[in-house]
Amino acid sequence: METSNLTNKDNEILSLANNLRWDLGVNFHDTVIESIYEDASRIAQRTVAQEGDPAKHFDLKIDRIVTSRWLGFPIMFLLLALVFWLTVSGANYPSGLLADLFIGKLYPLLKQFAANIGTPAWLSGVLIDGAYLAVAWVVSVMLPPMAIFFPLFTLLEDFGYLPRVAFNMDSLFRKAGAHGKQALTLSMGFGCNAAGVIATRVIDSPRERLIAIITNNFSLCNGRWPTQILIATIFIGGAVPSYLAGIVSAGAVVGIAVLGIGFSLAVSWGLSKSILRGEASAFSLELPPYRPPRIWQTLYTSLIDRTIFVLWRAIVFALPAGILIWVVANVHIHGISIAEHFIDWSNPFAVIFGLNGVILLAYIIAIPANEIVIPTVLMLTVLQTGMSGVGAGAGVMFDTASIQGTEEILRAGGWTLLTGINLMLFSLLHNPCSTTIYTIFKETHSWKWTLVSTFLPIVLGLIVCFFTTQIWLLITS
Amino acid sequence: MNNSQGCENCPVHHKEHLIRMGIAMDRVDYVIALAGNPNTGKSTVFNNLTGLRQHTGNWPGKTVSRAEGGYSYAEKRYKVVDLPGTYSLLSTSTDEDVARNFILFGRPDVTVIVADATRLERNLNLTLQILEITDRAVLCLNLMDEAKRNHIEIDLRNLSKELGIPVIPAAARQKEGMPELIQAIEEVASGKYVCKPHRAKSKSPKLNHAIATLVKKLEEQFPGIPNLNWVALRLLEGDESIIDAIRTGELGTLSPTTFPTLAS
C-alpha cells in the first residue's frame with residue numbers, strides 16, 4: 001500500500017537524504033546533539049550560581065530510608081495500613097450520622113408524603129424504596145471513607161512518595177516480565193481501575209501495556225474499599241478482642257490489597273511466560289524531589305475532583321440499580337420473586353466456593369458499580385431469610401445505620417467468618433466494573449483482550465475461594 | 001498621578017482581564033503549547049491558566065495524553081495544550097512523538113517551555129531542542145521556590161539574552177509568576193516581543209550544505225511547512241517517523257486544522 005502511494009518526488013527526497021547521509025559520515029548525529037548539550041551546559045554555567053550546600057541532602061536521606069532494601073517494603077505497608085486505619089476509624093461515626101439522617105429520618109417522611117398524596121404502592125416502591133434508598137445508602141456509606149481516604153492518598157502523591165513505590169517494586173515487576181512503570185499504573189488503580197487503565201499509556205511496549213491493563217483490576221479500587229472495610233470490621237474485627245479490632249481489620253484490608261499486588265505480579269509473570277511472551281524493557285524513572293504537600297489545596301481538589309466525582313458516578317449507577325433490585329425482589333413468578341428464583345437456583349453452586357446465591361446475584365446486579373454490592377447483599381439477605389421487623393419490607397434497600405445492625409442481618413443469613421473472608425477475596429478477584437471494561441475496550445480496540453481482562457479475574461476468584469473454603473473446612477472439621 | 005492609576009498603567013496589571021474559559025474554546029486567536037521535562041509543573045501551570053483541574057501529582061509521566069483548555073486575556077482568546085513531559089524531542093517514545101509533532105506540525109503560536117529551576121542544565125537540553133524547531137517561545141522557569149531553598153541563583157536577564165526568548169520566574173504551585181507569564185505569552189503571540197531563538201552554531205559547512213540541498217527539495221514537495229531545516233536534519237539522521245511521514249505523504253497533509261486528531 002505505502003509503496004504504491006510513493007510518488008517519485010518522495011522517493012527522490014529519501015534517496016537524496018540517503019546519499020547526503022553517506023557523505024556526512026556516521027558521527028554527525030552525535031555532533032549535532034553534542035553541540036546542543038555543550039551549549040546547554042555553557043549557558044547553565046554562565047547563569048546559575050550555587051551558593052552554599054544544596055538542600056538535597058534532605059531528599060537523599062529520606063530516599064535512603066524509604067527505598068532501602070530492608071525498610072522500603074515495611075514502610076510502604078505501614079503507610080498503607082496507617083491510611084486505612086485512619087479511614088476505618090474515622091468514617092464510622094459520620095457514616096452513622098448520614099445514615100440516620102437519610103434513612104432514619106428522611107425515608108419515613110418521604111414514605112408518609114407519598115402515601116398522603118396517594119402515590120400507588122408500586123410507584124413509591126420503585127422510587128423511594130428502590131431508587132432513593134440506593135442513593136442514600138451509597139452517600140452515607142461511601143462519602144465519609146472517601147472523604148478521608150482520597151485526601152490522604154493525594155497528600156502522599158503530592159509529597160512525592162508514589163515514584164518511590166514504583167522504584168521499590170520495579171525489580172519485582174521486571175522479574176515478572178512486566179514494565180517497571182506498571183507500579184505507577186497499579187497505584188493509580190487503587191483510586192480507580194478505569195483511570196489506571198488509561199494511565200498505562202505511559203508504557204510504550206504494547207506487550208507490557210497489555211499486561212498492565214489486564215492486571216490493573218487486581219488493584220482494589222475505591223468502589224471496593226468500603227466493602228472490604230465493612231466486611232473486615234464485622235467479621236475479622238469481630239473475631240478478635242475489641243481493643244484489637246481496629247488494627248486487625250485495617251491489617252486485613254492491607255492484607256487483601258497486598259494480595260492484590262501479589263496477584264498482579266503472579267498474573268503478569270504468567271502472561272509474560274505464555275500468551276504475552278517477551279523480555280521486560282528498561283526505562284528510567286526520575287525520583288522527583290519531595291515537596292511539602294499543599295494541605296488545603298489537596299483537601300480541596302481531592303474532595304472536589306475525586307470524592308465528588310466518584311460519588312456522583314456511584315449515585316448515577318445506584319439509581320437504576322436500586323430500581324432493578326426492587327423489581328427483581330417484587331416481581332413474582334409462581335409466587336416467588338425473581339431474586340429468590342435465582343438465589344435458590346445458584347445457591348448449591350455458590351456454596352462450593354464458600355459464597356452464596358445472594359453474593360452472586362449482588363455481583364451481577366452491581367456490574368455497573370462495585371459500590372452497591374453491600375446494599376444489594378443486605379437487601380437480598382433480608383428477602384431470602386424473611387426476617388421481619390428489619391428494614392421496610394421486601395426489596396427495600398436499607399441501611400441499618402450501624403455496623404451491628406448489618407452484622408445481625410448477615411449472620412441471620414447464615415454468614416460466617418468464612419463467608420466474610422470469601423466475600424473479601426471475591427471482591428478483590430472478580431470482573432472489573434462496566435466503566436473499566438468499556439475503557440479497556442477503548443484502549444485496546446480488541447474484544448479478545450477485553451474478554452480476557454473480564455473473565456480471567458472471575459476464574460481466579462472462584463479458584464481462590466474454592467481452595468480457601470475446602471482448606472478451611474478441612475481444618476475446622 | 002495617583003497610585004491606582006500607576007498600577008493600571010503597569011503592563012503586569014491585567015489580572016482582572018484574565019478570564020479562565022475552561023474547555024469552552026469555540027473561537028481562539030492563539031494556540032499555546034506547554035512543553036517541558038517531566039514533573040516540572042506543566043499541568044499546574046495549565047490549571048492556573050485555564051482554571052481547569054487537570055490532575056496534578058508529584059511524579060513523572062503523569063500526563064499521558066494532551067489536555068486542552070482555554071483562557072481569555074486582553075480581549076484575545078488562547079487555547080492551551082498541555083503536552084506530556086519529555087526529556088528530548090528525538091522521538092524515542094510515544095510521549096516524545098506527541099510533544100514533538102504538536103510543536104512541529106500543530107504550529108502553536110507560542111510554545112511555553114516549563115523548566116525546573118533546580119535542574120536548569122538538563123532542562124536547557126530540551127529547551128534548546130525546542131528552540132531549534134520553533135521561533136516563538138517563552139521559558140517559564142518554574143519551581144523558583146525550590147531553587148531558593150537549594151540556594152540556587154539564576155541570572156534571569158542573562159539567560160533570556162542567551163536563549164533569545166522571555167524568561168519568566170515562577171512558582172506555579174503558589175500561583176507566583178502567572179500574571180507575568182500571561183503577559184509574556186501575549187507579547188510573543190502578538191509579535192510585540194520578537195524572539196531571537198538560540199540556534200546551535202557548530203554545524204559544519206558540509207552539514208549546512210546538505211541541509212540546504214534537502215530543504216530545497218522538501219520545499220518543492222511540501223510547501224508551507226515550517227521548520228523544514230529541522231525536518232531535513234532529522235531526515236539526515238535517519239529518523240524513522242519523519243521518513244514514514246514523507247513516505248505516507250502525512251507530512252504534506254499535516255496542518256493546524258487536521259492535526260488535533262493525530263496525537264490524541
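Chain letters run A, B, ... following the sequence lines, proteins first and then strands; every chain starts at 1.
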Atom pair CD/CZ of B:E121 and A:R42 - distance to nearest 0.5 Å = 11.5 Å
message = Testing the basics here: between B:N125 and A:A40, what is the closest heavy-atom pair and its distance to 0.1 Å?
response = OD1-CB, 3.0 Å
query = Out of curiosity, B:E132 CD to A:S35 OG, how far, rounded to the nearest 0.5 Å?
reply = 7.0 Å
message = Would you compute the distance between atom CG of B:L163 and atom CD1 of A:I43 and round it to the nearest 0.5 angstrom?
response = 5.0 Å
remark   = If you tally heavy-atom pairs under 4.5 Å between each of B:H209, B:E153, B:E146 and chain A, the highest tally belongs to B:E153
key: Proximity breakdown for B:L143 and chain A, heavy-atom pairs closer than 4.5 Å   = side chain
ask   = For the atom pair CD1 (A:I36) and CD (B:Q129), what is the distance rounded to the nearest 0.5 Å?
value = 5.0 Å
query = Looking at B:I243, B:L156, B:N123, which makes the most heavy-atom pairs under 4.5 Å with chain A?
reply = B:I243
request  = May I ask you to name which of B:N158, B:L131, B:D145, B:L235 has the most heavy-atom pairs under 4.5 Å with chain A?
outcome  = B:L235
query = What distance separates B:D155 CG from A:T47 OG1, expressed to the nearest 0.5 Å?
reply = 6.5 Å
task = Please list, chain by chain and in numerical order, all residues satisfying side chain to side chain contact (heavy atoms under 4.5 Å, CB included) with A:L172, sequence neighbours excluded.
result = A:F73, A:L265
inquiry  = Among B:A232, B:A210, B:A117, which residue has the highest count of heavy-atom pairs closer than 4.5 Å to chain A?
reply    = B:A210
ask   = What distance separates B:T127 OG1 from A:D39 CG, expressed to the nearest 0.5 Å?
value = 12.0 Å
